Structure formats: C-alpha cells, structure tokens
Amino acid sequence: MKKTRLSWLVLLIFCGCAGVSITPISKQDAIDIHKPNAGKSGYVVYEPMVVVEVSKKEVCLAKDNTGKCIKQETSCAAGTPFVLPDYSKPYLIDIKSGFGKAGTDVNIIDGWRLGNVKDYSDNTAILGSLMTILSSVTPFRKAQDDKKCRAGLYRVTIDNSSDEKSALKLTELLIY
C-alpha cells in the first residue's frame, strides 16, 4: 500500500511541475502555428534587432558677422537606437501549468518580444548597455561621397571578425 501511495506521489510531483520551454523554430513554423492542427502550442516571439536611422545633415562650419552660415559640409547623423523584431529568428514559448502556485511568469512586450521569465530576469540590460554605447558615439561623420552616407534604416551588430576589440557594424535594412 505504501509503495502505491509513493508511486502516485512521485507521479503527481513530476506531472505537476510547471515550466517554460523556449525553442527556436523556423519561419514557416511561426507562420503555421496559427493554423488549425498545427501540432504545436505556445506563443511566438522574435529576437530583437537594434536599428538606427541614418540621415544626411548639413553642418555649419563657419558663420559670418550676421550669423549666416558661409561654410558647410554634409555629414551623416545616426538617430537614437530602437528595436524591431527579427522575423528570421522566431522562438516558440510553451508554458506548462502545474499544481498549486509554483507556476511561471512570462512577460511579452510589444506583442513580439520576450520581456522576462519567472524570476523577473530581463534581457533589456544587454540592450540598454548597447544603447548607452551607441548614444556615446559621436553622431556625425563627414561624408566622403554619397555612397558612404546613404539615408535609411541600419541594423546594428557587433563585428567580432577582427583580432582587435569588437566593433559596431551597420548593415543596410532600408535605404531611402
């Protein structure tokens, strides 16, 4: 009789555990999850990508006595960084319920981005550090020619390909 009770207790403990499963999925799986009989359950979130807007600005280098600009040059200006979803990197978050109050807490921000899971750990600290680095960078760079300063949206990535310190790299997303 004691073995039977112990077996049921062990079974209830393992079946009653709550948890969160975060799994990378394909773009097609992310699309198909909303279809009936998809075979998967959960929420789809996307990896965030840091984006900046680059524009051409006319910078005054010298003014006359009346305050009118007499010498100027074209420079590139990077705006304040922001995040957008990277639709090529979806993740499936599946929440499993358990017995009692030993559940999990998942926060999804802006309808697509994972904010925190259970212990309130947050991935925005890394993003905040990157934003601080980007905001400390001088926003103007002299344009050598029109090909070097193309107005548009650029993805910010960290380039680790060189032996030197990591460098920020801008990849074109949308040129206008």
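Note: hydrogens, waters and symmetry copies are ignored here, and every other heavy atom, side chains too, is used. Sequential numbering from 1 along the given sequence is applied to the chain's residues. Since we're looking at a predicted model, the values are computed, not measured.
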Scan the side chains in residues 27-34 for donor-acceptor partners under 3.5 Å anywhere in the protein, sequence neighbours excluded, and list what turns up.
from: Gln28; atom 1: NE2; to: Asp32; atom 2: OD1; distance (Å): 3.0
from: Gln28; atom 1: NE2; to: Asp32; atom 2: OD2; distance (Å): 3.4
from: Asp29; atom 1: OD2; to: Ser26; atom 2: OG; distance (Å): 3.4
from: Asp29; atom 1: OD2; to: Lys40; atom 2: NZ; distance (Å): 3.1
from: Asp32; atom 1: OD1; to: Lys35; atom 2: NZ; distance (Å): 3.1

Roughly how far, to the nearest 0.5 Å, is the [atom2] atom of [Y] from the [atom1] atom of [X]?
{"X": "Asn107", "Y": "Arg113", "atom1": "CG", "atom2": "CZ", "answer": "10.0 Å"}
{"X": "Met49", "Y": "Leu153", "atom1": "CE", "atom2": "CG", "answer": "9.0 Å"}
{"X": "Ile70", "Y": "Leu61", "atom1": "CD1", "atom2": "CG", "answer": "10.0 Å"}
{"X": "Lys56", "Y": "Cys76", "atom1": "NZ", "atom2": "SG", "answer": "7.5 Å"}
{"X": "Leu84", "Y": "Leu173", "atom1": "CG", "atom2": "CG", "answer": "8.0 Å"}
{"X": "Tyr154", "Y": "Leu174", "atom1": "OH", "atom2": "CG", "answer": "10.0 Å"}

**Prompt:** Less than 4.5 Å apart, any side-chain heavy atom of Thr23 and any of Asp94?
**Reply:**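 In short, these two side chains do not touch, never coming nearer than 4.5 Å.
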**Prompt:** Are any of the side-chain heavy atoms of Leu170 and Val156 separated by less than 4.5 Å?
**Reply:**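 Yes, side chains in contact.
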**Message:** If you compare all heavy atoms of Ile109 against all heavy atoms of Gly115, which two are closest, and at what distance to 0.1 Å?
**Reply:**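 Nearest heavy atoms, Ile109 then Gly115: CD1-CA, 3.4 Å.
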**Message:** Evaluate Thr74 against Glu58 for side-chain contact (heavy atoms from CB on, under 4.5 Å), listing each step before the verdict.
**Reply:** CA-CA 5 Å; Thr74 302; Glu58 294 295 324; 2.8 Å; yes
**Asked** Are Ile175 and Val52 connected, step by step, through hydrophobic side chains (Ile, Leu, Val, Met, Phe, Trp, Tyr) whose heavy atoms are closer than 4.5 Å?
**Response**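 Yes; Val52 is reachable from Ile175 via cluster members.
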**Request:** Any chance you could lay out the side-chain contact (heavy atoms from CB on, under 4.5 Å) test for Thr80 and Phe82, step after step, and finish with the verdict?
**Result:** CA-CA 7 Å; Thr80 303; Phe82 56 96; over 6 Å; no
**Asked** Are Leu168 and Thr157 close enough, and set up right, to give a side-chain contact (heavy atoms from CB on, under 4.5 Å), and what steps lead you there?
**Response** CA-CA 6 Å; Leu168 295 178; Thr157 55; over 6 Å; no
**Identified side chain to side chain donor-acceptor pair (under 3.5 Å) counterpart of Glu47 within the set Tyr87, Tyr91, Trp112** =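 When Tyr87, Tyr91, Trp112 are each tested with Glu47, the side chain to side chain donor-acceptor pair (under 3.5 Å) holds only for Tyr91.
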**Request:** I would like to know whether Leu92 and Ile22 meet side-chain contact (heavy atoms from CB on, under 4.5 Å); could you show each step before the answer?
**Result:** CA-CA 6 Å; Leu92 181 65; Ile22 303 173; over 6 Å; no
